[in-house]
Structures are given as C-alpha cells and as structure tokens.
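Order of the sequence lines fixes the chain letters, A, B, ..., with proteins taken first and strands second; residue numbering starts at 1 for each chain. We use all heavy atoms of the structure for the numbers below, so side chains are in, but hydrogens, waters and symmetry mates are not.
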There are 2 protein chains.
Amino acid sequence: MGNESGQSFCTNAEWMGRAHCDKCHIRQLMLFSELPDTAFEHLLAPIDHFLYPPGSVLYEAGTHKPFIYSIRRGMVKLVHAAQDGSNRIVRLLGNGSAIGLELLDGSKSYHHTAIAVNQVDLCKIPVSTVRQLESEHPALCKHVGKQLQDQLNIADQWIVALGTGAARQRVAQLVLVLEEFFSEDNGAFILLNREDMAAMTGIAVETVSRIVAEFKRQKILYRFKDNFYMCNVAALQELSRYG
Amino acid sequence: MGNESGQSFCTNAEWMGRAHCDKCHIRQLMLFSELPDTAFEHLLAPIDHFLYPPGSVLYEAGTHKPFIYSIRRGMVKLVHAAQDGSNRIVRLLGNGSAIGLELLDGSKSYHHTAIAVNQVDLCKIPVSTVRQLESEHPALCKHVGKQLQDQLNIADQWIVALGTGAARQRVAQLVLVLEEFFSEDNGAFILLNREDMAAMTGIAVETVSRIVAEFKRQKILYRFKDNFYMCNVAALQELSRYG
DNA sequence: GAGCGTCATTGCGAATTATCAATATTCAGA
DNA sequence: TCTGAATATTGATAATTCGCAATGACGCTC
C-alpha cells in the first residue's frame, strides 16, 4: 500500500501569455462558456495562460494561492497524501475541467495536490476574477455548479469502479476509464505508470504490474506507440464484471 | 463482495404537511438558508414535508421524478447497484444535505438509489420550484454549489479513508466517520449493520463482522444504548493509520 | 555501443481476505 | 416469557494479495 512517490517538485511552467478569453477557440468547453465576449473587458486581475511539463506540481494541498485553474489540454491528477508518506490519487481530470474550485466555496486552502500527468495547457484564473464575473454574470455560477456536479460524478464512479471488487476487476475498470476519458483521436491512451495505477485503485504496485502484464500477454491491452496503448474494451468490461 | 441486499421497497412515507420555509426553524442549515422570507410567497409548486421510516426508498437510480430532497433530520444512504446484484454505498448524508441535485444539472434521472437509514424527516422540493427561486434569487445558486462542494469533499474522504488500506484500517475509518458526522448530542452514534458497513468499505461482510467484534472485545467500540454505540476515537485513529 | 538509472515484471513465502458453513445473539411478536 | 426469523459471530479452508528480492527491459548519456 505504501508508495512513496518521488515526484519532483518542478514547476518550470512556461508562460504562454495573457489569456484572451473572448477569442479563446475552446471557450465552449471551458468554465467561461456562454459568457458574452464583453464579459472580459473590465477584468481587474489578469488570466494567464501556461504550459506545464509532465510532473509539475500545480498546487499543493494545504497551501493557498488565490487561483483556480481551467485545463485546456492535458491530464491532471489530484492527490491526497497520507501521513505515512503513501498517497492516493483521488481524481484524474482532463480537457475542460476546472480545479481548485474549493476556493470559491470559502476553503482557505486547496484540498488536494494537483500534478500534471502529461504536458498540461491551462489558464490560471484569480479567484477575484471569478467572483467579479460571477457578480456581473450570475450564469457563471451555474457553470461552476456543473463543474462540481461533473467532478462528483467522477468521484462516484471512482468509488464504484475503482474501489470495489478484486484487483483484476479494478485494474480492468481503470484501463476502461483511461480509454473512455483520455484517449486521443487515434483511440490510443496513455497507460499511467504502475505506481499511479496503484495509487488510483488502492492496490499494491506489484499486483497492478502482474495484472497489467497478464492483460498484455492476453492481448487485451497492447502498445500502440511510445507510451500510448489500446485495449479490447469488450474483454475488459467482461473482466470488470466477473473477474 | 456480493451482498444481495433484501431492502424492501417500502415507501410508507408519512406526509407532514406543506412546508413553511419562511417559518422553518432550521432553515439556516438548509438549502434555502439566507433567502429572504418573502422568497416563498409566490411558489408555483408546493414543497411538501415528509417523515420516512427506516429502509424507505426515497428514489431509485435511473428513474426520474422532478424532485430534489432536503434532509432535515436522519441519515440517507446513496447506493449504486451493480449488475450482479451487489451494491455499493457511495455516500452517507445527514442533516442539512440536499440530494437529487443531479437533476438541476440537466440529468434525466437520479444517479443513485436513496434509502433512509433511520427515520428521515425531509422536504420534497419540485425542481421547478428550485429553478423559480434560482431565477429570482441568484444567491441560491451558490448554495447549491456549496452543497455540491460538500458532497465532493465527502466523496473524496470516502475514496481516501474507506477505499485505502487494509480491512481493519477501513473499518476503523468508517467508525470514525460515523462518530464524527452522525453522533447525537450524547456522543453516541448508530452502528450500521454489517452488510451496510461492507457495502461502504468494499469488504466482505464476515470480515467486517470479525473486525467489529474485535473492536468490541478491545473495548474500542462499545454499546451505549439500543443500537447506539460509542468509541475510543484516539485508538481508532491509531488503528486507521498503522493497522 | 557500454554503462547506468529508472521502471516493469516475476518468483516466492507470508499475511490477509473471501467464502462456505455452523453457531450464537438479538429482536419483534405472540 | 417463548419462539422464530434475521443478524452477527466464529471456524476452517481456499484464494487472493502483499511485500521483499531478483531479474529484465528500456531509455539516456557519454
């Protein structure tokens, strides 16, 4: 159960400039979808746009910087660190998700540590800006609510799929989650390292490795290119149900 | 892992009359806290007030009735039923929590089955009423967001505390959760039955029973009265960390 | 291409947990 | 108080999973 996670604390984020929300080509996916272009004309604090390399720590649990983040592209893991040094991945979020929303609800600090899994492209939004926009555009409040509801759905799925059943079932479910939410256009997805997979399912690293290796031998899971994999969805669904 | 759950579908709810939100003595705890008394003057659809006996099914996953529920008193479990007949308890909610909020986000049906654990006193609020109030009082939207954030926090805690570690640790955490969130004024709390405890932790019923019995022998957990128990919090915290 | 560090895989014995079956306890009614 | 049904506890054994250590695979640098 213990995974020490030697995640290096590199925050060599590359600043990509001020965000131009009014011209953002993916705004319909983001937190500010449906706000009028004019909403961004009088912002008191700037929204910055960053590119983080894999492994970057976006923020740490217990700290407080007055920013929330909207993920344009890439995968972020929300990690809960236990006192004994082990850590559990609570949630995996991708394109269009907003993180750090607990700050909007009055929380003094972030509830998790957020770490970039691959290269992450995001906008860093001051809490004050969100509040300003919320007061001028009450509709934004609904979008925040929608984000929360989405994350609640993901958390529930996590509990049900990754927290129930034997190890083989959980790993099968995990691969299905990766396939469903994080596959690229070509249908391939990043297979996380075994340590992360263990931290997501609550299973020992070696056990995860054994099961993944088994899936590979059975050709249920196979490498597509680099660290991208593809899988036999039907076979995994069968496994996830009946072991 | 398989628990068939012979939960009887009894919905012998006792109607307690129309709710008078403007005079509700616990409104500050509820979804409509901080709305002015006048907010309730022109409601198009009525808010009803019910008392449900233990075991009542408030609603079932996949169905849709246009109501959300605000729990005034009592404990409700949100259950996810798997195809194989087993079921997992995703969340336990009590006084002041609102359930069925997924309907506000456009979901066509409830995401879980909601079952009263003990006697539950709640208000049944038409979705249309919430929408009406939201449009007249944008502040309500924030309260819905707060409810969602609260539930997300609970779900995260569930993942971390009840989904990680060995069986003994999980059961210890579960008892601590019951103690923290559901103890009465006298500090005692209902110890759920073993089947429910198993469905919350993802552990076999017999294993849960063994561990609970062990706790009782060690006087870490002891009966206070009827089905109310008290526990040694420090000892359980120790156990939850180091097995 | 050799050397090196990191991560994945595998073997193996120990510890934990599931599962089936039997026994005890509790609780609601009669 | 007695009785039967539902729950809880316990025993025994099989299956799974853990945890440690060894080995293998891969990428990177020199």
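Contacts between residues 208-219 of chain A and DNA chain C, defined by a heavy-atom separation under 4.0 Å, are made by S209(A), R210(A), A213(A), K216(A), R217(A).
Rounded to whole Å, the distance from CG on N193(B) to C1' on dT26(C) is 13 Å. If you take OH of Y229(B) and C1' of dT26(C), they are 10 Å apart, rounded to a whole angstrom. Rounding to whole angstrom units, CG of residue L191(A) and P of dT9(C) are separated by 9 Å. Atom pair N227(B):CG and dT7(D):C1' shows a separation of 11 Å (rounding to whole Å applied). Across the protein-nucleic acid pair, R170(B) atom CZ and dC18(D) atom C1' stand 13 Å apart, rounded to whole Å. Rounded to whole Å, atom C1' of dG19(D) lies 15 Å from atom CD1 of I203(A). Atom-to-atom, CZ of R168(A) to P of dT17(D) comes out at 7 Å; the value is rounded to the nearest Å. We find that CG of D226(A) is positioned 16 Å from C1' of dC7(C), with the value rounded to whole Å.
Judged by distance alone, the side chains of N153(B) and Q157(B) never bring a donor and an acceptor atom under 3.5 Å apart. Using a 3.5 Å distance cut-off with no hydrogens or angles, the side chains of H112(A) and D156(B) do pair a donor with an acceptor.
Taking the six-membered ring where the residue is Trp, Y59(A) and Y110(A) present parallel rings, their angle staying beneath 30° rather than reaching 60°.
At dT17(D), none of the side-chain N or O atoms of T207(A) fall inside 4.0 Å of OP1 or OP2 (strictly under the cut-off).
Between Q173(B) and M200(B), the closest side-chain pair of non-hydrogen atoms is not below 4.5 Å. Here the side chains of M197(A) and L191(A) are in contact, with some heavy-atom distance below 4.5 Å.
Contact check on E184(B) versus R73(B) returns a salt bridge, with a Lys/Arg side-chain nitrogen under 4.0 Å from an Asp/Glu carboxylate oxygen.
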Go through the steps for Y229(A) and F189(A) under the test side-chain contact (heavy atoms from CB on, under 4.5 Å), then give the verdict. CA-CA 5 Å; Y229(A) 281 74; F189(A) 53 89; 4.3 Å; yes
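Axis deviation across the helix from dG1(C)-dC30(D) to dA30(C)-dT1(D) amounts to 40°, comparing end segments of five pairs, rounded to 10 degrees.
Residues satisfying the ring pair (Phe, Tyr, Trp, His ring centres under 6.0 Å) criterion with F215(B), sequence neighbours excluded, are absent altogether.
Each of R223(A) and E206(A) has a nearest nucleotide on DNA chain D; the 5'-most of these lies closest to E206(A).
When all heavy atoms are compared, the tightest approach of C123(A) to A19(A) is SG-CB, 4.0 Å.
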